[in-house]
Q: 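I have a structure here, written as structure tokens, and I will follow up with some questions on it.
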Amino acid sequence: MELVVALGVIVFKVALVIAILLLLPLPLTWLERKIAGHMQQRMGPMRVGWHGLLQPVADGIKLLTKEDHIPAEADRFLFKLAPILALAPPFVVFAAIPFGESVSVLGNEITLYISNLNVALLFVFAVIGLEVYGVIFGGWAANSKYAVLGSLRTCAQMISYEIPMGFAVIGVVMLAQSMSLLDIVRAQTDVWNVVYQPIGFFVFFVAGLAEAQRIPFDLAEAEGDLGAGFHTEYSGIRFALFMVSEYVVMVLVSVLTVILFFGGWKGVLIPLPPLLWFLLKVAFFVYLFMWFRFTFPRYRYDQLMAIGWKVLLPLSLANIIISGVVFS
């Protein structure tokens, strides 16, 4: 009986996480448009629902009912597979993400995570790296020069920024003496890692912007010179899957930033519930993603690659050396 209950709890957690991630783009697209509107001295969505609250629902209906167009010369199998490959890895990663320790429900302790892997950090980087295959397949299968250029840019960009991003967390692992995300948060009970690892945080967050392909690092799409990049030929629900993937990656980078450098669910001064502290911190970094989008211009491609290889990579290596000397 206990085994059945345990399996039921796991299935419920998985279903809840998937449902939340699938629905996240609805409030986030509305919020992003509102933030853009206020930064540009306009109102943003106002027509559909109170203050445009139903605009994301209208957009969802539009995408679900649009014609599912596949180019005549496209590789149909890979064309259909690509959005799934882009969406699946960010969802899988959340199986190893903790949102807190545990809560008591009807006298039973329920952990706020699906699994506690002792190599969770390694698992996260290994799985999220697979997302690039969806983008590459989507661009190549469409048989469009603009889509292919967008997918090739994405491949180079993600590989270039995954390296400093991975190096940036080595100092955190040194401090916690563990790759378990739970242990990393527990090690920040007194002092958050950002105090000891400011360079690591800077490199990780900037590389995270590039991994999420957000402005100023959205060279994979670059509407001005590539039409719409790797998803130029996509429409309807398949296009929506790529968009959901982008928002889930943005939230994932924000969650990892909070866990690795800002104490996870550990609060300061104000006695709020741990889960609320965690959500507030994540919301702050999601806001930063949106703020940067409407503040900074897009980099040229050579500038983007130079930042990754000539700035972030040396900084991440220097951070490893300094951390090794100071914390050994």
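Sequential numbering from 1 along the given sequence is applied to the chain's residues.
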Q: Would the Phe205 and Phe261 ring centres measure less than 6.0 Å apart?
A: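 Ring centroids of Phe205 and Phe261 are no less than 6.0 Å from each other.
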Q: Assess the side chains of Trp309 and Ser160: does a donor N or O sit below 3.5 Å from an acceptor N or O?
A: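 Distance-only check passes for Trp309 and Ser160.
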Q: Count the heavy atoms of every other residue, nucleotide or ligand shown that sit under 6.0 Å from CZ of Arg47, and state whether that count exceeds 12.
A: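 Result for CZ/Arg47: open.
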Q: Between Lys13 and Tyr113, is there a donor-acceptor pair closer than 3.5 Å when you use the side chain of the first and the backbone of the second?
A: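 Such a contact is found between Lys13 side chain and Tyr113 backbone.
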Q: Using the ring of each side chain (for Trp, its six-membered ring), is Phe296 parallel, tilted or perpendicular to Phe292, with breaks at 30° and 60°?
A: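 If you compare the ring of Phe296 with that of Phe292, the planes turn out perpendicular.
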Q: Is a donor from one side chain sitting under 3.5 angstrom from an acceptor on the other, for Ser178 and Asn118?
A: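 There is no such pair between these side chains.
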Q: Please check if atom CZ in Phe125 has more than 12 non-hydrogen atoms from other residues, nucleotides or ligands closer than 6.0 Å.
A: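 Yes, the 6.0 Å shell around CZ holds more than 12 heavy atoms from other groups.
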Q: Assess whether a salt bridge exists between Lys266 and Asp190, defined as any Lys/Arg side-chain N lying under 4.0 Å from an Asp/Glu carboxylate O.
A: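 Looking at Asp190 together with Lys266, the answer is no, because their closest N to O distance does not fall below 4.0 Å.
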Q: Under the 3.5 angstrom rule, does the side chain of Lys281 hit a backbone N or O of Phe262 as a donor-acceptor pair?
A: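 Indeed, once roles are kept as given, a pair shorter than 3.5 Å links the two residues.
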Q: Taking atom CZ of Phe123 as the centre, does the number of heavy atoms from other residues, nucleotides or ligands within less than 6.0 Å exceed 12?
A: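 Yes, CZ of Phe123 has more than 12 neighbouring heavy atoms, counting only those of other groups under 6.0 Å.
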Q: Can you tell if the side chain of Gln55 reaches within under 4.5 Å of the side chain of Met46, non-hydrogen atoms only?
A: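 They are not in contact (no side-chain heavy atoms under 4.5 Å apart), so the answer is no.
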Q: Please examine the side chains of Val248 and Leu24, heavy atoms only from C-beta on, and report whether any two atoms are closer than 4.5 Å.
A: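 With C-beta onward as the side chain, the pair stays apart.
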Q: Ignoring hydrogens and angles, state whether a donor on the side chain of Glu131 or Ser245 is under 3.5 Å from an acceptor on the partner side chain.
A: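 Distance-only check passes for Glu131 and Ser245.
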Q: Do Glu101 and Thr111 pair up side chain to side chain, a donor and an acceptor below 3.5 Å, judged on atom types alone?
A: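 Checked: Glu101/Thr111 side chains show no N/O donor-acceptor pair below 3.5 Å.
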